[in-house]
Amino acid sequence: MTGPLVPFREIVLKVHSRCDLACDHCYVYEHADQSWRTRPKTISDEVIFRTAQRLAEHAKTHALPSVSVILHGGEPLLAGPARLRRICEELTAAFDGVAELDLRIHTNGLQLSPRYLDLFSEYDVKVGISLDGDREANDRHRRFADGRSSHPLVLKAVELLRQERYRHLNLGLLCTIDIENDPRAVLDALVELDPPLIDFLLPHATWDEPPPRPDGSRTAYADWLLAVFDRWQEQGRPVPVRLFSSVLSTLSGGPSLTESLGLAPTDLVVVETDGQLEQVDSLKSAYEGAAATGFDVFTHAFDEVAAHPGVRARQLGLDGVSDTCRSCPVVRSCGGGLYTHRYKSADAVDPARAFDHPSVYCDDLEALVRGVEERTSASAVPAAVADPAELGAEQRDLTRTALAVLHSDLDGRGGDHWAAAWELAATVEGSEGGSRGLDEALTHPYARSWLHDALSAVHEERPGAGRVAWRLSSYVAVAVVRAGLDLAVPVAYRDGMLALPGLGSLRIDGPRDGTAQVRVTDDGFLVRRTGDGRQGAFERRIVRGGAPGRGWLPVRRLGGGGAPGAAPGPAPRWVLDDLDPYRDCFPARPAARLRQDEADRLGAGLDRAWARIAKRAPRHAAEMAESLTTVTPLNGRPAPGEPSVGRHGYGALGIRPDDSAEQLPLALLRGFRRAKLRALLDVTDLYAADGSWEHRTPWQEELVPFSRLLAETYERVALGAFEPHYLDGVPQAIETLERAAELTVSGKQLLDLMRKEV
């Protein structure tokens with residue numbers, strides 16, 4: 001098995017190998033592996049010391065920021081307060097100055113008392129308690145050896161943890177599922193205890209010892225969990241439920257939140273009371289010795305365990321699941337199920353194949369994922385997927401967020417100029433009409449290009465990183481001008497040019513770098529730089545909508561003149577931005593400022609192109625008119641008829657000024673779709689695990705990743721409204737995309753919209 005070792009970030013430390021309950025579903029005592037019988041009851045001082053040293057060494061080697069140690073059993077509280085204190089002391093000392101230590105304990109709660117909790121509070125040991133629901137549900141399995149109920153004592157432990165002085169230690173409740181129990185009653189009983197988290201666990205089972213299914217249903221466990229999910233939804237999701245949170249996360253393109261689901265590699269190892277190092281404990285359900293590695297803390301480092309074939313097999317992600325699972329659309333969410341639940345002894349002659357199966361809960365996991373998706377897909381999909389106006393609003397929010405992050409990351413390095421601009425921005429934001437003016441200024445497509453450049457400069461600690469942030473004053477000045485506010489704005493200029501994004505650029509006489517003041521006038525605005533004895537003063541009055549002259553280069557408007565055969569209503573009035581220094585965010589090089597005759601020809605060409613689009617594809621024309629605001633001419637690439645979409649800057653499109661009448665409509669449609677798809681990917685995950693699979697394109701018979709097939713299909717749907725032959729193969733491509741495991745709920749919503757467009 002290839003690939004780098006995955007270091008262990010979670011360690012289960014068995015501190016006591018016996019238990020004071022006789023739960024009949026316990027994997028330690030009731031399943032295939034009975035090695036507990038030969039182990040010491042209590043962990044020794046030597047095992048504690050060697051474990052702490054080995055683990056700290058492992059954390060240091062891999063520069064781990066933190067490591068979780070879970071004190072476990074049997075029943076760990078049977079080790080007693082003195083032994084538990086020794087464990088906490090040794091681990092804390094070993095990790096001092098190495099990494100953060102996250103100590104936890106999982107217990108049945110029967111022995112829990114203030115004496116234990118005071119110790120746990122001293123070392124910040126979080127406490128998780130096993131409880132299967134109300135008394136009837138809990139007593140079905142969690143009883144004393146003589147049959148007595150454990151429920152009252154567990155409730156007492158939970159109530160103790162709920163006390164104000166111990167509440168910070170409460171890790172939550174672990175509930176093993178039994179489908180004979182009433183799912184709604186189980187959830188109600190757990191929620192009533194107000195835990196910070198509920199963790200539902202499928203009972204450990206294999207293909208040799210499958211889980212009980214009293215009614216023979218292949219989805220009995222999914223049905224039970226979906227009944228819990230429905231009740232949880234009815235209650236307003238009062239408590240986080242890890243299993244549901246994990247499914248919801250993966251459906252939206254996020255990570256798995258539990259080892260029992262998802263494709264994340266395992267990073268857990270078990271230390272037994274005798275110092276033996278083992279794989280995940282649940283493997284004891286498979287066969288005798290399934291968890292064994294042959295290593296121990298006395299003679300082996302944790303890296304040696306990490307290289308064990310059994311451990312590596314659970315670190316392969318998608319490559320570690322069966323062929324059946326790999327081709328299943330829900331594999332990103334279920335991850336093939338818990339590794340233990342895939343075991344089938346019929347293949348034990350080839351140990352590498354014994355776990356090469358879907359989970360014994362396969363049908364349940366698929367039904368659970370699909371059931372959660374059906375119940376939540378409408379609320380889980382951002383409105384931006386279907387609503388262009390909402391997408392624009394989301395993009396504005398992203399720009400404002402990036403601006404706030406830049407302010408925080410600068411942390412004073414922007415100097416007095418940045419501080420003054422930030423303060424003025426707050427003043428503008430709070431004034432009448434100022435917030436809208438600031439929104440309009442920051443909506444300029446290349447504002448995000450500037451922000452990303454500034455953030456990169458700060459994070460990379462480039463020389464003069466603070467300088468790139470001075471541009472904020474330009475946007476504040478534009479907001480003041482647009483809102484007509486009576487404020488004087490000091491604006492930084494560089495290389496003799498003062499840039500006002502979306503308005504124009506002014507050449508400043510005198511020093512090449514400096515600050516000028518912008519103030520609104522009745523008919524436009526005034527730019528003034530005062531002299532100081534060494535340099536003369538500078539003043540220029542700019543009339544709103546005025547022509548170029550005396551160093552002033554305004555941005556120009558293109559289109560809007562109408563064209564023969566156009567749909568009712570004028571063509572859009574796009575901004576021709578061939579000035580902004582941050583317009584170089586395109587793959588192709590931006591052209592120099594166009595001559596007026598060149599700009600006029602481009603405007604006329606855009607009018608004609610838009611008229612043809614409006615006639616053949618009116619819905620797309622209407623959305624383009626609303627979403628695309630800015631055109632930037634480019635040199636060289638892209639090829640004729642190919643648009644260029646910037647890395648940032650929703651609403652801007654780079655085109656070749658010399659595109660023909662035949663090429664320009666297709667370039668606009670392509671560019672519009674590419675820009676929109678990129679903007680959607682800014683605000684939501686349409687897919688995840690891109691590149692893990694390859695898919696065939698109907699138009700080229702080529703294997704490509706999901707992202708490329710989606711992009712090409714999305715583009716062809718729009719082009720097909722203009723020229724129908726582009727729709728050839730699109731229905732088949734959409735079907736391929738719908739069956740793909742990479743697809744998220746947002747991606748499915750987009751495919752639904754594409755089907756309607758077709």
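Between the side chains of D20 and Q111, a donor-acceptor pair is found at a separation under 3.5 Å. Checking H151 against N138 by side-chain atom types alone, no donor-acceptor pair falls below 3.5 Å. A donor-acceptor contact under 3.5 angstrom links the side chains of H62 and D303, judged on distance only. Between Q233 and R237, the side chains place a donor N or O and an acceptor N or O closer than 3.5 Å (distance only, hydrogens not considered). If you check the side chains of T258 and S260, you find a donor sitting under 3.5 Å from an acceptor. Side-chain N/O atoms of D208 and Y287 include no donor and acceptor closer than 3.5 Å.
Contact detail for F95 and A59: the closest heavy-atom pair is CE2-CB, 4.0 Å. Shown here for A185 and D134, the closest heavy-atom pair between the two residues is CB-OD2, 3.8 Å. The nearest pair of heavy atoms linking I179 to P212 is CD1-O, 3.7 Å. In terms of heavy-atom proximity, L365 sits nearest to G337 at CD1-CA, 3.6 Å. Of all non-hydrogen atoms in L226 and V372, the two that sit nearest each other are CD2-N, 3.9 Å. Scanning both residues, V270 and D281, for their nearest heavy atoms gives CG2-N, 3.9 Å.
Not a single donor-acceptor pair under 3.5 Å links the side chain of S121 to the backbone N or O of L117. Between the side chain of R104 and the backbone N or O of G128, no donor-acceptor pair lies under 3.5 Å. Between the R332 side chain and the L743 main chain, a donor and an acceptor come within less than 3.5 Å of each other. Under a 3.5 Å cut-off, the side chain of T293 and the backbone N or O of L277 do form a donor-acceptor pair. Side-chain N or O atoms of S246 include none that pairs as donor or acceptor with a backbone N or O of R242 at under 3.5 Å. Here the side chain of T744 pairs a donor or acceptor atom with the backbone of D685 at under 3.5 angstrom. The backbone N or O of P40 lies less than 3.5 Å from a partner atom in the side chain of S17, making a donor-acceptor pair. Judged by distance alone, the side chain of S249 and the main-chain N or O of P255 form a donor-acceptor pair under 3.5 Å.
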Derivation and outcome, side-chain contact (heavy atoms from CB on, under 4.5 Å), residues I11 and V67: CA-CA 8 Å; I11 286 78; V67 174; 3.7 Å; yes
Residues R370, V330; criterion side-chain contact (heavy atoms from CB on, under 4.5 Å); working and verdict: CA-CA 8 Å; R370 294 194 184 281; V330 304; 4.1 Å; yes
Verdict with supporting geometry, R85 and E122, salt bridge (Lys or Arg N to Asp or Glu O under 4.0 Å): CA-CA 10 Å; R85 175 176 290 279; E122 184 179 343; 2.9 Å; yes
Salt bridge (Lys or Arg N to Asp or Glu O under 4.0 Å) assessment of E159 paired with R162: CA-CA 5 Å; E159 289 302 326; R162 292 178 66 188; 3.1 Å; yes
L197/L171 under side-chain contact (heavy atoms from CB on, under 4.5 Å): CA gap, chis, key distance, verdict: CA-CA 7 Å; L197 178 73; L171 199 59; over 6 Å; no
K41 vs D274, salt bridge (Lys or Arg N to Asp or Glu O under 4.0 Å): CA-CA, chis, key distance, verdict: CA-CA 9 Å; K41 286 185 178 180; D274 58 359; over 6 Å; no
Evaluation steps, side-chain contact (heavy atoms from CB on, under 4.5 Å), between D24 and R143: CA-CA 8 Å; D24 58 17; R143 298 185 300 272; 4.0 Å; yes
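A salt bridge is defined here as a Lys NZ or Arg NE, NH1 or NH2 lying under 4.0 Å from an Asp or Glu carboxylate O, and E75 with R142 fails to meet this definition. We find that D215 and R213 are not joined by a salt bridge, their nearest charged nitrogen and carboxylate oxygen being 4.0 Å or further apart. Note on E272 versus K284: salt bridge recorded, some NZ/NE/NH1/NH2 to OD/OE distance being below 4.0 Å. With respect to E90 and R86, a salt bridge is recorded, a charged nitrogen being found less than 4.0 Å from a carboxylate O. Using a cut-off of 4.0 Å between Lys/Arg side-chain N and Asp/Glu carboxylate O, D139 and R135 are scored as salt-bridged. Taking a cutoff of 4.0 Å between a charged side-chain nitrogen and a carboxylate oxygen, D356 and R342 do not qualify as a salt bridge. The residues D296 and R50 are annotated as not salt-bridged, no charged nitrogen and carboxylate oxygen being separated by less than 4.0 angstrom. Here R167 pairs with E164 in a salt bridge; the nearest charged N to carboxylate O distance falls below 4.0 Å. The residues R140 and D132 are annotated as not salt-bridged, no charged nitrogen and carboxylate oxygen being separated by less than 4.0 angstrom.
Two residues are said to be in side-chain contact when any heavy atoms from C-beta on lie closer than 4.5 Å; L243 and L261 meet this criterion. S217 places a side-chain heavy atom less than 4.5 Å from the side chain of D223. In this structure, L55 and L13 have side chains that are not in contact, with every pair of non-hydrogen atoms separated by 4.5 Å or more. V127 is listed as a side-chain neighbour of F120, based on a closest heavy-atom distance under 4.5 Å. For the pair E373/V745, a side-chain contact is recorded, criterion being any heavy-atom separation below 4.5 Å from C-beta on. Contact check for V47 versus S44: side-chain heavy atoms found under the 4.5 Å cut-off. In this structure, Y123 and E89 have side chains that are in contact, with non-hydrogen atoms separated by less than 4.5 Å. R165 has its side chain within reach of D118: a pair of non-hydrogen atoms, C-beta onward, lies under 4.5 Å apart.
Among the candidates I87, L84, D124, L91, the single residue satisfying the side chain to side chain contact (heavy atoms under 4.5 Å, CB included) test with L103 is L91. Each of D364, L225, L368 was checked for a side chain to side chain contact (heavy atoms under 4.5 Å, CB included) with T219, and the lone residue meeting it is D364.
To the nearest 0.5 angstrom, L161 atom CG is 4.5 Å from N170 atom CG. Rounding to the nearest 0.5 Å places CG of L338 at 10.0 Å from CZ of F355. Going from atom SG of C362 over to atom NE2 of H357 covers 12.5 Å, rounded to the nearest 0.5 Å. Rounding to the nearest 0.5 Å places NE2 of H341 at 9.5 Å from CG of L283. Separation of atoms CZ (R375) and CZ (F244) is listed at 9.5 Å; rounding is to 0.5 Å. Rounding to the nearest 0.5 angstrom, the gap separating the CZ atom in F144 from the SG atom in C19 is 9.5 Å.
Every pair passing salt bridge (Lys or Arg N to Asp or Glu O under 4.0 Å) that includes a residue from residues 174-187 is listed here, sequence neighbours excluded: R184-E234.
Aromatic pair F229/W232: ring centres closer than 6.0 Å.
Around the CD atom of Q235, the shell of radius 6.0 Å holds more than 12 heavy atoms that belong to other residues, nucleotides or ligands. The environment of E100 atom CD is sparse: at most 12 non-hydrogen atoms of other residues, nucleotides or ligands sit within 6.0 angstrom.
Between F302 and H58, the ring planes are tilted. Angles from 30° to 60° get that label.
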